[in-house]
Amino acid sequence: MNTKRTFSVLSILVVVMLLLTSCRLPFGIGEKAGDLLEPVQDLLNPDDTGQPEQQPTVIVIPPEITVSPENIYSEPFAEYVQKGYSIPTAYQGGYTLPLNPGQVEIPEWFDFSDTQYQALLENGFFVAPPDFSPNRVYQEFYQLYESARYLESPVFITTDSVFHVYHLIFDKMLRDLERTSFIDTLKELTTAMVDASLAQYNALAGSDLQEAALRNLAYFAVPALILDLPVSVPEAALSLAQQELALIEGQGGFAVSPIWAMEGQSETEQLLEDYSQYIPRGHYTRDDALKTYFKAMMWYGRLTFRLKDAFETQRALLVVQAMRSASTSSGRSALELWQNIYDPTVFIVGKADDLSIYEYGQLSDQVFGQSPQLTAFADAQLVEAFRQAARQLPPPQINSMWVYIWEDRDVATQGFRFMGQRFTLDAYVFGQLIWRKVGTLDNPRDLPKSLDVLAAMGSDEAYTILDEMGETQYENYDSQMSKVKTEVAGFGLDSWTQNLYWTWLYALQPVFEPKGTQYPAFMQTQAWLRKDMQTALGSWTELKHDTILYAKQVMAEMGGGENDEPPRGYVEPNPEAYARLLALAEMTRSGLEDRGILDDTTRANLENLIDELEFLLAISEKELSGVERTADEYWRIQYYGGWLESMTVAAADPADETTGREQVQDQKSALVADVATGIESVLEQGVGFPTPIYVVLPDQPYEVALGAVYTYYEFTVSPDNRLTDEAWQEMLESGQAPDAPDWTQSFIIP
């Protein structure tokens with residue numbers, strides 16, 4: 001190696017150190033390889049005797065290098081500011097459990113069964129099972145609250161209904177950003193990358209990099225075809241792209257990627273893609289524009305230019321160079337267009353879990369120079385120097401690729417993704433608690449349980465249920481659970497509030513925490529604790545549904561009669577939950593506003609929610625402290641259903657742009673999201689239609705109030721049958737819903 005090349009290698013060591021110290025990941029980058037997320041496909045073909053590729057000696061970074069790192073990532077969008085709240089040391093007043101029949105006033109229109117009546121006396125509340133008959137089903141929360149108001153029954157405002165409103169606003173905000181900005185930006189970006197890749201292909205014709213340039217041209221032609229953009233590329237590239245498109249449209253499951261397939265590849269060297277992931281789900285089934293955006297972004301987010309392969313690394317380096325040089329007729333660069341999608345979605349969901357143009361660009365400058373000739377990427381020694389340096393960077397902590405059991409997971413998965421899917425805490429927890437981390441080859445834990453996430457976030461009750469289900473009997477389950485619980489417990493506020501996704505999870509923590517003597521008697525029961533766990537899982541399912549494309553997977557009418565005295569309704573008193581959700585709503589507003597992407601609809605929706613949360617926070621503090629509420633406050637509680645309806649309408653899509661009438665009919669709260677992929681099955685989480693909760697209020701006289709809560713389901717399907725919202729709603733309406741989890745039987749009483 002000559003002196004100039006030696007100096008280049010030493011220079012990249014400095015840059016690697018800068019990158020390592022700049023990477024803002026929620027877990028330490030110095031973790032052992034064995035501590036990273038396990039793939040669910042590791043179990044496949046266990047009898048194959050293939051061996052992982054022999055890796056060259058890794059250059060050790062000198063520890064004495066201490067250079068202040070340049071921040072190569074965008075600054076945070078917004079700060080999280082939580083308002084103070086007060087909870088008394090003990091709840092004043094109320095009843096003790098069990099109640100005597102003579103203590104409770106039950107309106108004649110509440111027709112309870114004997115078991116429901118006994119549950120009401122024993123626990124102070126019960127949840128009615130969902131009723132799917134056409135004249136009884138409540139498709140949205142507001143419908144149930146409005147029915148209570150017309151009955152002049154006291155209203156019980158649940159945390160379920162409030163978190164549901166944030167979901168409506170969040171999902172509407174994301175849909176509007178995609179329709180008004182991201183889709184057009186993605187089309188412009190894809191056109192720029194096709195043009196730049198074609199220019200590279202022409203420039204490299206006849207060189208050692210011609211095939212790499214051809215494959216890249218085919219790579220960008222795929223989303224161009226999906227988005228129905230004009231594509232004029234050589235026949236060889238078009239043929240590869242059309243083969244990929246056929247697999248994407250077929251949505252059949254795992255297959256070898258035609259663009260990644262090379263002659264003479266071994267089984268381990270082939271890249272297998274899960275084409276069932278391209279089934280549009282979530283809100284992306286609403287129209288063709290969202291469907292094609294989903295498929296194109298899924299393509300950009302999933303395909304990895306693997307670092308273990310020198311040819312794929314050359315391809316990645318060419319992509320980085322194309323991104324830096326490409327521009328469009330609008331005068332915007334490809335990098336600017338890429339950032340206009342990536343940066344806002346970092347704020348919404350999080351940072352990509354794979355290496356990107358930021359890391360590869362910095363290292364490329366040091367190895368090949370800042371303005372290299374394209375042919376420089378054919379230099380085998382420099383490419384190897386780049387690969388050795390890049391191996392020092394963090395591998396992905398969540399694996400969404402096919403990895404054989406005999407492969408080193410870090411080696412198999414580390415690499416470059418054009419617009420990588422994002423690291424999320426729940427996916428990390430899932431990965432730490434499935435095979436190969438948990439279970440054995442003969443008895444693998446193929447799929448996680450949703451309760452794993454609550455247990456990792458500190459819920460002893462969730463762990464108890466998992467133990468009763470037999471989940472803790474898998475080998476290494478307890479040690480892995482202890483590991484992730486320790487990690488999660490160590491997070492500071494800056495980690496929990498790094499983006500909207502994480503902050504939503506943070507807001508749910510006080511929902512499923514056990515309630516002590518500071519709260520009314522009904523909230524201290526085990527049945528209520530499990531009801532709260534269903535609330536958290538219901539809201540979390542809405543979060544997974546809304547972000548299904550971006551998150552990585554291991555995935556008002558106000559009328560009516562009015563009495564002189566208002567019914568004495570009640571707010572579920574959870575001040576900390578309301579304070580955190582209030583801070584999340586304010587963080588959402590300020591973050592979007594600072595970026596210049598806050599439209600009038602989202603602003604109005606968030607400001608309405610912020611106002612309501614301030615009210616609910618104040619009322620819940622009064623309730624816990626025994627402070628009497630005013631008549632105006634009771635009336636506002638009673639008309640909560642009208643507010644819910646107005647928020648539901650505001651979060652609907654316009655049915656006709658000329659009339660501005662909203663699609664209220666499509667606002668069905670039932671939704672579904674696949675959250676993990678197993679060996680031969682997919683874990684689905686579903687929220688059904690809301691169902692009534694009846695609560696004996698702790699203020700005398702002890703009346704029964706009516707509210708609405710989530711219904712929650714968890715079940716498996718085959719990968720090629722990943723459910724859409726429409727298919728799930730049809731299952732519910734036709735009476736084909738799976739059974740609710742057994743642990744919900746303590747509070748759902750027929």
Side-chain angles (χ1 to χ4, degrees), residues 72-73 182-183 185-198 200-201 212-227 229 231 233 237 240-241 244-245 248 257 259-260 271 273 277-278 292-307 309 311-328 332-346 349-364 377 390 393 396 398 400-401 413-423 549-552:
I72 61 173
Y73 302 109
F182 294 169
I183 291 175
T185 301
L186 186 68
K187 289 180 177 179
E188 189 175 357
L189 171 62
T190 299
T191 298
M193 293 307 297
V194 169
D195 292 345
S197 298
L198 180 59
Q200 285 187 343
Y201 174 74
L214 175 72
R215 302 283 172 149
N216 282 357
L217 185 53
Y219 170 78
F220 288 106
V222 171
L225 292 171
I226 292 172
L227 296 167
L229 301 173
V231 178
V233 298
L240 288 171
E244 290 282 4
L245 189 61
I248 289 171
S257 165
I259 292 177
W260 263 253
L271 187 140
E273 172 62 343
Q277 293 281 0
Y278 295 86
T292 55
Y293 174 78
F294 178 93
K295 294 175 186 177
M297 284 292 288
M298 189 65 74
W299 173 260
Y300 281 146
R302 286 189 52 81
L303 276 293
T304 303
F305 298 75
R306 296 168 295 182
L307 188 60
D309 187 286
F311 178 73
E312 291 178 26
T313 301
Q314 289 175 314
R315 287 182 55 200
L317 290 165
L318 288 173
V319 169
V320 169
Q321 203 63 19
M323 288 180 71
R324 289 173 151 185
S325 62
S327 61
T328 68
R332 295 193 292 179
S333 68
L335 182 58
E336 178 187 356
L337 294 167
W338 182 89
Q339 289 172 327
N340 286 346
I341 298 174
Y342 180 77
D343 287 352
T345 52
V346 167
V349 186
K351 182 181 176 293
D353 192 36
D354 300 273
L355 301 177
S356 69
I357 185 175
Y358 290 134
E359 296 86 0
Y360 267 49
Q362 289 277 355
L363 288 181
S364 176
F377 299 127
L393 297 173
I398 300 170
S400 58
M401 295 172 57
T413 60
Q414 191 175 25
F416 170 87
R417 292 192 185 187
F418 183 71
M419 185 84 73
Q421 292 179 307
R422 314 311 165 85
F423 176 94
L549 174 59
Y550 302 100
K552 218 175 184 184

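Please read these numbers as outputs of a predicted model, since none were measured by experiment.
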Ignoring hydrogens and angles, state whether a donor on the side chain of [X] or [Y] is under 3.5 Å from an acceptor on the partner side chain.
X: Arg422; Y: Thr345; answer: yes
X: Glu273; Y: Ser257; answer: no
X: Tyr219; Y: Ser197; answer: no

Which distance, rounded to the nearest 0.5 Å, do you find between the [atom1] of [X] and the [atom2] of [Y]?
X: Leu337; Y: Met193; atom1: CG; atom2: CE; answer: 10.5 Å
X: Arg306; Y: Arg417; atom1: CZ; atom2: CZ; answer: 11.0 Å
X: Glu336; Y: Asp343; atom1: CD; atom2: CG; answer: 11.0 Å
X: Leu189; Y: Thr328; atom1: CG; atom2: OG1; answer: 9.5 Å
X: Leu317; Y: Asn216; atom1: CG; atom2: CG; answer: 10.0 Å
X: Leu303; Y: Ile259; atom1: CG; atom2: CD1; answer: 7.5 Å

Which heavy-atom pair separates [X] from [Y] by the least distance, and what is that distance?
X: Leu393; Y: Gln414; result: O-NE2, 2.8 Å
X: Ile341; Y: Met297; result: CG2-CE, 4.0 Å
X: Ala322; Y: Ala196; result: CB-CB, 3.9 Å
X: Arg324; Y: Ile357; result: CG-CD1, 4.4 Å
X: Ala352; Y: Gly420; result: CB-O, 3.6 Å
X: Val231; Y: Ala224; result: CG2-CB, 3.5 Å

*Pairing residues for Arg315 by the salt bridge (charged side-chain N to carboxylate O under 4.0 Å, His left out) criterion, not counting sequence neighbours*: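 Not a single residue meets the salt bridge (charged side-chain N to carboxylate O under 4.0 Å, His left out) criterion with Arg315.
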
*Indicate, with yes or no, if the rings of Phe305 and Tyr360 have centres closer together than 6.0 Å.*
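No, they do not, as the ring centres are separated by 6.0 Å or more.
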
*Is the gap between the ring centers of Trp338 and Tyr358 under 6.0 Å?*
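They qualify: ring centres under 6.0 Å apart.
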
*asked:* Is the ring pair Phe418/Phe220 parallel, tilted or perpendicular, if the boundaries are 30 and 60 degrees?
replied: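 The rings of Phe418 and Phe220 stand perpendicular, inter-plane angle above 60°.
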
*According to the interplanar angle, ranging from 0 to 90°, do the rings of Trp299 and Trp260 count as parallel (below 30°), tilted (30 to 60°) or perpendicular (above 60°)?*
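Ring orientation, 0 to 90° scale: perpendicular.
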
Are any of the side-chain heavy atoms of [X] and [Y] separated by less than 4.5 Å?
X: Tyr201; Y: Val233; value: no
X: Leu240; Y: Glu244; value: no
X: Ile226; Y: Thr190; value: no
X: Gln421; Y: Asp353; value: no
X: Gln321; Y: Gln200; value: yes
X: Asp354; Y: Phe416; value: no
X: Asp195; Y: Thr191; value: yes

*Test side-chain contact (heavy atoms from CB on, under 4.5 Å) applied to Ile248 and Val222, step by step*: CA-CA 10 Å; Ile248 289 171; Val222 171; 3.8 Å; yes

_Candidate pair Ser356 and Tyr342, rule side-chain hydrogen bond (donor to acceptor under 3.5 Å, both in side chains), full reasoning_ = CA-CA 11 Å; Ser356 69; Tyr342 180 77; 5.4 Å; no

